[in-house]
Amino acid sequence: SSCDPALRPIIRRRARSLPTSPERRKQAAVQCRVPGCQSRMNRVRFADALGLELTEVKVFQTGEDPSIPLHVLSRLSINSDLWYSSSHLEFTMQCLVPDFQQPADCMDFSSRLQEQQVCLERVTSSDLGLSGTIQVRNVAFEKRVSVRYTFNQWKSLHEVCAHWHSSIPEKNGQDQVDVFTFFLPVPPFLLQLSSVVQFAARYQVNGREYWDNNRGKNYSLTCRTHPLKMPRECEESWIHFI
């Protein structure tokens, strides 16, 4: 009852090798070493599944230049200009730069943590926002760590929760410190020169609240132009990336 045409078996035909040139036939011919077969000649030839030649020989006449694709010539030209221009490629980009020294690199980091119960460890910036870590003293199991920040000098504010990352022993070897991580999303339109982001860390535990606001000055980052230099050995890979 079906209207489909009747199926016919697929006939597989073995590919036939194409004839070779007289020069290749002469080079591929090998005298048979088996006794009684001196008159036979063994021929060796490489072909694909369709019997086509796997190699192609191009003969250039005297005075004839080979054809080089334009994209290859352009890459060679750019690479030559970069090689003779300078020993490094230099670019500039705009990013948020901390206006403070990373607290973890300060000599009084441990004392600040003991005094405040909470202290920013370090913060890094990217084109998506700010990432950082905060250390808090393990006063109790139940605790909440957050970061309050602003883009307009505290005319409006936002707050994000930090997440527990790990527990490490305090430097005195007796108490324990919890490490929390946070991320502050920064809109792309705020990555303009002289834009400022300010924030402070908040620690809530046992019904009490502790703050780390950089000794009352808040932690601030300012958008500045940051130079980037690329070594000479990376120039080749940069060209291919372009």
Side-chain angles (χ1 to χ4, degrees), residues 91-230:
F91 304 91
T92 58
M93 63 177 297
Q94 296 177 0
C95 61
L96 292 170
V97 180
D99 299 324
F100 54 90
Q101 184 181 2
Q102 297 288 354
D105 300 332
C106 298
M107 299 295 294
D108 62 342
F109 178 77
S110 298
S111 60
R112 289 176 63 178
L113 181 60
Q114 287 281 342
E115 176 187 350
Q116 303 171 164
Q117 306 296 319
V118 54
C119 190
L120 173 71
E121 186 177 19
R122 61 180 65 253
V123 63
T124 58
S125 63
S126 66
D127 54 348
L128 299 178
L130 303 178
S131 302
T133 54
I134 300 172
Q135 289 191 14
V136 298
R137 299 192 66 201
N138 189 18
V139 179
F141 179 78
E142 294 292 337
K143 58 178 69 71
R144 184 177 186 270
V145 180
S146 59
V147 176
R148 185 172 293 183
Y149 63 102
T150 180
F151 300 129
N152 53 12
Q153 301 294 330
W154 302 106
K155 296 178 182 178
S156 61
L157 56 88
H158 312 272
E159 189 165 344
V160 296
C161 291
H163 302 281
W164 181 88
H165 179 266
S166 60
S167 296
I168 58 176
E170 206 167 350
K171 284 192 175 182
N172 57 19
Q174 300 177 357
D175 300 324
Q176 201 174 41
V177 174
D178 288 334
V179 180
F180 284 76
T181 62
F182 67 90
F183 175 74
L184 306 182
V186 178
F189 62 85
L190 286 175
L191 292 179
Q192 301 177 359
L193 292 179
S194 301
S195 297
V196 179
V197 178
Q198 294 177 292
F199 69 91
R202 182 185 185 190
Y203 178 33
Q204 295 171 290
V205 62
N206 282 347
R208 301 190 63 179
E209 187 175 87
Y210 304 94
W211 286 86
D212 177 22
N213 55 8
N214 194 20
R215 306 286 190 185
K217 297 179 296 185
N218 293 320
Y219 293 102
S220 63
L221 296 93
T222 305
C223 185
R224 295 188 176 92
T225 300
H226 184 70
L228 293 178
K229 291 186 178 181
M230 186 172 63

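Given the structure is predicted, the values throughout are model-derived calculations rather than measurements.
- Summarising the geometry of Val123 relative to Phe182, their closest heavy-atom pair is CG2-CZ, 4.4 Å, with the distance given to 0.1 Å.
- Arg122 CZ to Gln135 CD: the interatomic distance, rounded to the nearest 0.5 Å, is 10.0 Å.
- Between the CD atom in Gln116 and the CG atom in Asn213 there is a gap of 7.5 Å [rounded to 0.5 Å].
- Nearest heavy-atom pair across Ser131 and Phe183 is OG-CD1, 3.3 Å.
- Not a single donor-acceptor pair under 3.5 Å links the side chain of Glu121 to the backbone N or O of Gly132.
- Under the 4.5 Å side-chain criterion, counting only non-hydrogen atoms from C-beta, Tyr149 is not in contact with Leu130.
- Contact record, Arg137 with Tyr203: O-OH, 2.7 Å, taken as the closest heavy-atom pair.
- With a 6.0 Å radius and a threshold of 12 heavy atoms from other residues, nucleotides or ligands, Arg215 has its CZ atom above the threshold.
- Sorted by first and then second residue, the ring-ring contact (aromatic ring centres under 6.0 Å, His included) pairs involving residues 99-129 (not counting sequence neighbours) are Phe100-Tyr219.
- Counting only distance, with no hydrogens or angles, the side chain of Ser220 and the backbone of Gln198 share no donor-acceptor pair below 3.5 Å.
- A distance of 10.0 Å separates OG1 of Thr124 from CG of Leu221, quoted to the nearest 0.5 Å.
- Distance OG1/Thr222 to CZ/Arg224: 4.5 Å, rounded to 0.5 Å.
- Residues Leu96 and Cys223 share a closest heavy-atom pair of CD2-N, 3.6 Å.
- Counting non-hydrogen atoms of other residues, nucleotides and ligands closer than 6.0 Å to NE2 of His158 gives a total above 12.
- Note that OG of Ser167 is 4.0 Å distant from CG of Asp178, once rounded to the nearest 0.5 Å.
- Side-chain contact between Gln117 and Arg208: absent, with no pair of heavy atoms (C-beta onward) separated by less than 4.5 Å.
- Distance check: Asp212 CG to Ile134 CD1 gives 8.0 Å after rounding to the nearest 0.5 Å.
- Counting heavy atoms from C-beta on, the side chains of Trp164 and Lys143 never come closer than 4.5 Å.
- Contact check for Val136 versus Tyr210: no side-chain heavy atoms found under the 4.5 Å cut-off.
- For the pair Val205 and Ala140, the tightest heavy-atom approach, listed with the atom from each and the gap, is CG2-CB, 3.8 Å.
- Side chains of Arg144 and Gln204: a donor-acceptor N/O pair is present below 3.5 angstrom, by distance only.
- Closest heavy-atom contact between Pro185 and Phe151: O-CZ, 3.6 Å.
- A distance-only check finds no donor-acceptor pair linking the side chain of Asn138 to the backbone of Gln176 [under 3.5 Å].
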